[in-house]
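Notes follow once the structure below has been shown.
Just so we're on the same page: letters track the sequence lines, and every chain starts at 1. All values below come from the heavy atoms of this structure, side chains included, with hydrogens, waters and symmetry mates left out.
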There are 2 protein chains.
Amino acid sequence: MKTIADIAKLAGVAKSTVSRYLNGGSVSLQTKKKIEQIIQEQNYIPNTFAQSLKAKKTNMIGAIVPRLDSYATSQTLTGMDKELRVQNYHLLISNTNQEQQREIEAIYDFARQKVSGIILLAAEVTEAHLTALKKVDIPVILVGQKHSQLHSLIHDDFKAGYIMGKHILESGHQQIAYLGVTEKDEAVGIKRKQGFQKAIAEHHCEIQYYETSFKIKDAIEVASNIFDASLPSIAVCATDNIALGVMKAAHARGIRIPEQLSITGFGGYDTSEIVHPALTTVHYAYLQAGELSAQQIIQLVEDQSVNMCSTLDVTLIDRESVDKR
Amino acid sequence: MKTIADIAKLAGVAKSTVSRYLNGGSVSLQTKKKIEQIIQEQNYIPNTFAQSLKAKKTNMIGAIVPRLDSYATSQTLTGMDKELRVQNYHLLISNTNQEQQREIEAIYDFARQKVSGIILLAAEVTEAHLTALKKVDIPVILVGQKHSQLHSLIHDDFKAGYIMGKHILESGHQQIAYLGVTEKDEAVGIKRKQGFQKAIAEHHCEIQYYETSFKIKDAIEVASNIFDASLPSIAVCATDNIALGVMKAAHARGIRIPEQLSITGFGGYDTSEIVHPALTTVHYAYLQAGELSAQQIIQLVEDQSVNMCSTLDVTLIDRESVDKR
DNA sequence: CTGAAAGCGCTTACAG
DNA sequence: CTGAAAGCGCTTACAG
């Protein structure tokens, strides 16, 4: 590997001159050409470590995600990556495989790697998170959840639940099965449900609540159990994946959708459009969340101020899986 | 930020002693305790740059991927991440958004970041790739395609096509529509098709070839055009996503699957199991590909030898979307 | 516009 | 077991 010293020697100038050339400092046209040529010939690539060691900062942003293989995550990452790229930052991704302990480790790891900022996608923020974040003293944007002590970027889960509630009411549904998730996940487990509850509050519907996980397989099982007991007119599912599981379970029993059973989701995943019948759901702006979180973390890194909490709007996608009653 | 010098001073020892402690060198129990305590108190985190600058190597592996939001990619990345993690390496991901030029840039970027190895997921390897790889002189594993000059890790696309061909023949299908992709993609565009062709070679089937992209939307359109002309007994699709598009198009016209039209895919994506009817397809070991590529790149980095080409096995997943004729 | 020198935070022989 | 010193490849005042 060539170093700046090699280039300097070959070009017949001092290291500092080469450095100045590299960093856009003032260099005469003649030496500029010379250095340029030598760098080309030698395939010289500056050593980022040495640069960062001196400059005391890096252009790396670390993202901590619970998994790589989910629509929400991959869309959000794609958005982050896109924005970071244009701003000349690099994305470092740490996958925690849904293990909370690894989120904490990832924070320390990122500190070691000297990332300039951290974007955290976590379902739950604990004391351990806060402590770690405090210790490493790196700017953070929390995405998908709100926390009073952290800059947060969230989707409007309450509204999502609310507009979905209004929609199914307008469609005349009265026997509702609501398949939710753990309340440890405040956004999905609580806010979404609360919005929904508010919408249906004034009406007297029969509503049953069930808890399942984010996994399709679990949703299939929960749905099967529900069907064993009786058939609601609609299954309102806290995520598109849960809705997909319910659909699968319904198909397996020959239950016709939406004639016998209507189904709705939340998220607006690609797949929700592809299945038959296409799923009525609420669109979440994951891509935009990625972009915005990237912008915000850069602002934080560069000592600009950022709102403590930003909320992204959601919209209903009315498709085929809900029948009028 | 604390440095090793701060710790040394506070512990009343030399920097080298602290360094030795950090790197597991010989240090007396007493000083060990002392240093340990100070490090705790001070939240000291060693500067990776300074370390790497001296040690001349990093524990980072760079992955270049065409996109983040595909099943194949996210599974492969998950596998890589998992394996890298246990071996104490870190994963740097560069998303090229399907733009070939960005693959080249990513190679140079990674060189600047001093990654120890590169895992490349590319549909096509050009001269520019080879040149860049040669210039930066970093070990590489190519995943998903085979190239004579690069260590490659591939799925057995030929066999995949072959077993699928055999399977549909056994099911009695004679009017086949094959929806493939560009031949620039050797694995998917050529090998998969060739395997399929070999299987049906001895039989006299009617077969029509169509070309589409990897996008579901495009597949929907191509399928609609096919249906306008006539209905084959089966649509053999080069990827699960294409199959999903064909399914969507069929549903839209009320074509019953598999009674009127059978459909098959390749890949074994999650979604293929969820749709109704569940898709008959070929399972690709993406997770394993990720793990193996990670192992291999580490071997290369550590100067161990690796096979020039490894092939991962594929298996048929016989589900509901193919009817006996 | 250019160069010599100091220093970023570590690690690594080399002595002791 | 421990410490002083040199050096990794850069950047950044400071002179000139």
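- Across all strands shown, B:Ser52 has no heavy atoms under 4.0 Å from either base or sugar-phosphate atoms.
- As rounded to whole Å, 13 Å separates atom P of D:dC1 from atom CD of B:Gln30.
- In this structure, A:Arg20 atom CZ and D:dC14 atom P are separated by 14 Å, rounded to whole Å.
- Both distances falling under 3.5 Å, in either a Watson-Crick or a G-U wobble arrangement, place C:dC1 opposite D:dG16.
- Separating the CD1 atom of A:Ile4 from the C1' atom of D:dG7 is a distance of 16 Å, rounded to the nearest angstrom.
- Put simply, CZ on A:Phe49 is 20 Å from P on C:dC8, counting in whole angstrom units.
- Each of B:Gly12 and B:Ala50 lies near DNA chain D, and the nucleotide nearest B:Gly12 is the one positioned closer to the 5' end.
- OP1 and OP2 of C:dT2 both lie 4.0 Å or more from every side-chain N or O belonging to A:Thr17.
- Protein atom NZ of B:Lys34 is 18 Å distant from nucleotide atom P of D:dC1, rounded to whole Å.
- A sub-4.0 Å separation between OP1 or OP2 of C:dT2 and a side-chain N or O of A:Ser26 is absent.
- Taking each heavy atom of B:Ala294 and B:Leu84 in turn, the nearest pair found is CB-CD1, 3.5 Å.
- For the pair A:Asp156 and A:Lys146, the salt-bridge criterion is not met [side-chain N within less than 4.0 Å of a carboxylate O].
- In this structure, A:Lys2 places its NZ atom 12 Å from P of D:dG9, rounding to the nearest Å.
- The phosphate of C:dT11 has OP1 or OP2 within less than 4.0 Å of a side-chain N or O from B:Asn23.
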Could you please spell out the steps behind the side chain to side chain contact (heavy atoms under 4.5 Å, CB included) verdict for A:Tyr21 and A:Lys32? CA-CA 7 Å; A:Tyr21 163 80; A:Lys32 195 176 292 189; 3.5 Å; yes
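- Side-chain N/O atoms of B:Tyr21 include none lying less than 4.0 angstrom from OP1 or OP2 on C:dC10.
- Between B:Ser16 and D:dA4 there is no side-chain N or O to OP1 or OP2 distance below 4.0 Å.
- The distance from atom NZ of A:Lys54 to atom C1' of C:dC8 is 5 Å, rounded to the nearest whole Å.
- Contact check, A:Ser28 against C:dT2: a side-chain N or O comes under 4.0 Å of OP1 or OP2.
- Contact annotation: A:Ser19 reaches the phosphate of D:dT11 (side-chain N/O to OP1 or OP2, under 4.0 Å).
- Looking at heavy atoms from C-beta onward, B:Ile61 lies in side-chain contact with B:Ile119 at the 4.5 angstrom threshold.
- In summary, B:Arg85 and A:Glu105 engage in a salt bridge, as defined by a charged side-chain N under 4.0 Å from a carboxylate O.
- Among C:dG3, C:dC10, D:dG3, the nucleotide with an atom closest to any side-chain atom of B:Ala14 is D:dG3.
- Rounded to whole Å, atom C1' of C:dT11 lies 9 Å from atom NZ of B:Lys15.
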